[in-house]
Amino acid sequence: MSITSSDPTALPLSQVLAQAITKRADFLQQAATQQTDCFRLFHGTVEGCNGLNIDRYGSAWLIQSFHQSLTETELADISAQLNQLAELPVVYNDRSDKNSRVLNRLSDELQEFATSEQQMQENGIKFTSKLRHEGQDPLLFLDMRIGREYVAANSEGKSVLNLFSYTCGIGTAAAVGGATRVVNVDFSSFALAAGRKNAALNQAENVCEFIQSDAFPALRQLAGLKVGGRRNQKLPAYPKLPATQFDLVFLDPPRYAKSAFGIVDLINDYQSLFKPALLTTKAGGTIVCCNNVAKVDRDEWFASLVRCVEKQGRQVTQHTWLDCHNDFPSFDGNHPLKIVALKLS
């Protein structure tokens with residue numbers, strides 16, 4: 001099945017890709033100057049081919065289709081355009097089947113390359129990458145670049161708590177930015193292993209800590225709250241942590257997740273995570289909140305955060321919206337990923 005649109009007025013794929021590359025001319029030049037070789041070259045949902053993304057991940061181009069498969073001709077045409085920018089291996093991950101798992105086979109040579117560890121850099125910070133592995137994404141979410149930049153610029157001399165840390169990109173940026181202590185919390189041992197490699201790549205092993213835990217018990221203990229669970233659920237073992245407050249807390253939960261300890265639900269119950277997270281934030285400190293659900297209204301979400309802070313007898317003294325860079329364009333400036341930094345009294 002071709003990814004080409006059935007709309008007779010739609011532009012050919014090669015043409016919309018060429019337009020996207022032209023729009024990024026200044027960005028691409030800036031990325032090279034700023035030692036950044038991981039970014040989005042084509043954001044198909046907004047730029048003319050729904051469900052097709054093309055990214056640079058260090059020494060490779062990564063093409064991913066999420067709705068329909070590319071034909072061999074389309075893949076060859078895209079590869080030729082990419083090679084005009086930089087002659088790098090082109091890896092295609094067809095994720096158009098259910099569960100977003102990769103469907104297509106690669107040549108033996110490309111398969112070995114795609115499943116081996118690579119390196120990339122963002123603003124000179126080094127990160128590990130693997131274009132195919134037991135997970136689904138290549139170990140760094142590129143649209144979170146603005147978050148990593150903010151943390152790197154605001155962590156000097158501070159303690160940082162990185163919740164739902166995944167591969168600890170935020171924590172690594174904090175350490176490079178001069179943080180005195182960085183605590184990364186994630187349930188996945190695989191993700192934390194990549195996080196340790198990221199810390200090592202940047203000589204930040206002595207600053208970064210890695211806690212494998214469900215976020216609910218870790219966060220509630222750090223906040224000085226009792227650890228509970230869902231009704232009739234037997235609680236698994238979890239690491240014991242002392243109550244601790246941090247200068248900067250980064251909260252980037254998934255859209256929805258369920259465990260014996262609780263339910264993460266960014267549409268209906270962001271507060272169940274936000275409340276203990278703000279309790280772990282020092283007076284005068286900053287909590288950075290993320291919500292990646294497109295249907296959540298930005299202003300309503302922000303207002304709910306402020307109400308939650310005020311219910312705890314505290315105030316938001318300053319807030320800063322962190323907007324995604326322009327390699328991730330959005331419809332009318334309303335990007336699905338919303339990030340706001342709240343300074344708390």
Side-chain angles (χ1 to χ4, degrees), residues 11-50 52-65 74-93 113-114 118-131 137-155 167 169-170 172-174 176-177 198 201-202 320-337 339 341:
L11 296 175
L13 178 54
S14 59
Q15 189 169 338
V16 294
L17 176 55
Q19 290 178 347
I21 293 171
T22 299
K23 288 179 182 178
R24 284 168 173 74
D26 290 342
F27 170 83
L28 294 173
Q29 185 175 10
Q30 185 181 45
T33 302
Q34 296 178 342
Q35 296 179 281
T36 296
D37 62 11
C38 47
F39 49 78
R40 177 145 297 177
L41 187 71
F42 181 68
H43 193 56
T45 299
V46 175
E47 297 186 284
C49 194
N50 194 29
L52 180 68
N53 295 333
I54 303 175
D55 299 316
R56 170 83 181 264
Y57 276 94
S59 57
W61 295 110
L62 176 65
I63 304 170
Q64 299 196 88
S65 54
E74 289 169 334
L75 180 57
D77 289 346
I78 292 174
S79 298
Q81 287 177 276
L82 297 179
N83 282 327
Q84 290 180 359
L85 287 177
E87 292 189 17
L88 302 169
V90 177
V91 174
Y92 172 43
N93 288 349
F113 174 81
Q118 309 293 326
Q119 281 188 32
M120 54 194 166
Q121 60 177 350
E122 178 185 89
N123 297 308
I125 303 176
K126 297 175 183 177
F127 296 100
T128 187
S129 177
K130 189 181 287 188
L131 303 183
D137 295 291
L139 306 186
L140 192 74
F141 291 111
L142 302 182
D143 56 350
M144 188 51 74
R145 185 186 316 116
I146 186 64
R148 291 185 289 271
E149 289 175 344
Y150 176 88
V151 168
N154 291 277
S155 291
T167 58
I170 291 293
T172 303
V176 172
N198 287 334
L201 286 173
N202 296 279
T320 304
W321 287 100
L322 308 180
D323 296 323
C324 293
H325 287 286
N326 57 14
D327 56 327
F328 281 84
S330 60
F331 295 109
D332 302 323
N334 187 24
H335 200 282
L337 176 58
I339 311 172

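- With sequence neighbours left out, the side-chain contact (heavy atoms from CB on, under 4.5 Å) criterion links Ser330 to His335.
- Checking side-chain atoms of Thr167 against main-chain N and O of Leu139 turns up a donor-acceptor pair under 3.5 Å.
- Other residues, nucleotides and ligands contribute more than 12 heavy atoms inside 6.0 Å of the NZ atom of Lys130.
- Residues satisfying the salt bridge (charged side-chain N to carboxylate O under 4.0 Å, His left out) criterion with Asp55, sequence neighbours excluded, are Arg40.
- Atom CG in Asp137 sits 9.5 Å away from atom CG in Leu62 (nearest 0.5 Å).
- Put simply, the side chain of Asn93 never gets that close to the backbone of Gln64: no donor and acceptor are under 3.5 Å apart.
- If you take CZ on Phe328 and CG on Leu337, they are separated by 9.5 Å, rounding to the nearest 0.5 Å.
- Every residue was checked against the ring pair (Phe, Tyr, Trp, His ring centres under 6.0 Å) condition with Tyr92, not counting sequence neighbours, and none meets it.
- Sorted by first and then second residue, the salt bridge (charged side-chain N to carboxylate O under 4.0 Å, His left out) pairs involving residues 139-154 (not counting sequence neighbours) are Glu122-Arg145, Glu122-Arg148, Arg145-Asp327.
- Within the 3.5 Å criterion, the main-chain N or O of Asn123 finds a donor-acceptor partner in the side chain of Thr36.
- The shortest heavy-atom contact between Ala173 and Ile125 is CA-CD1, 4.0 Å.
- Partners of Asp77 under the salt bridge (charged side-chain N to carboxylate O under 4.0 Å, His left out) rule, at least two apart in sequence or in another chain, do not exist in this structure.
- Screening residues 22-37 for salt bridge (charged side-chain N to carboxylate O under 4.0 Å, His left out), with sequence neighbours left out, gives Arg24-Glu47.
- For the atom pair OG1 of Thr45 and CG of Leu52, the computed distance is 8.5 Å after rounding to the nearest 0.5 Å.
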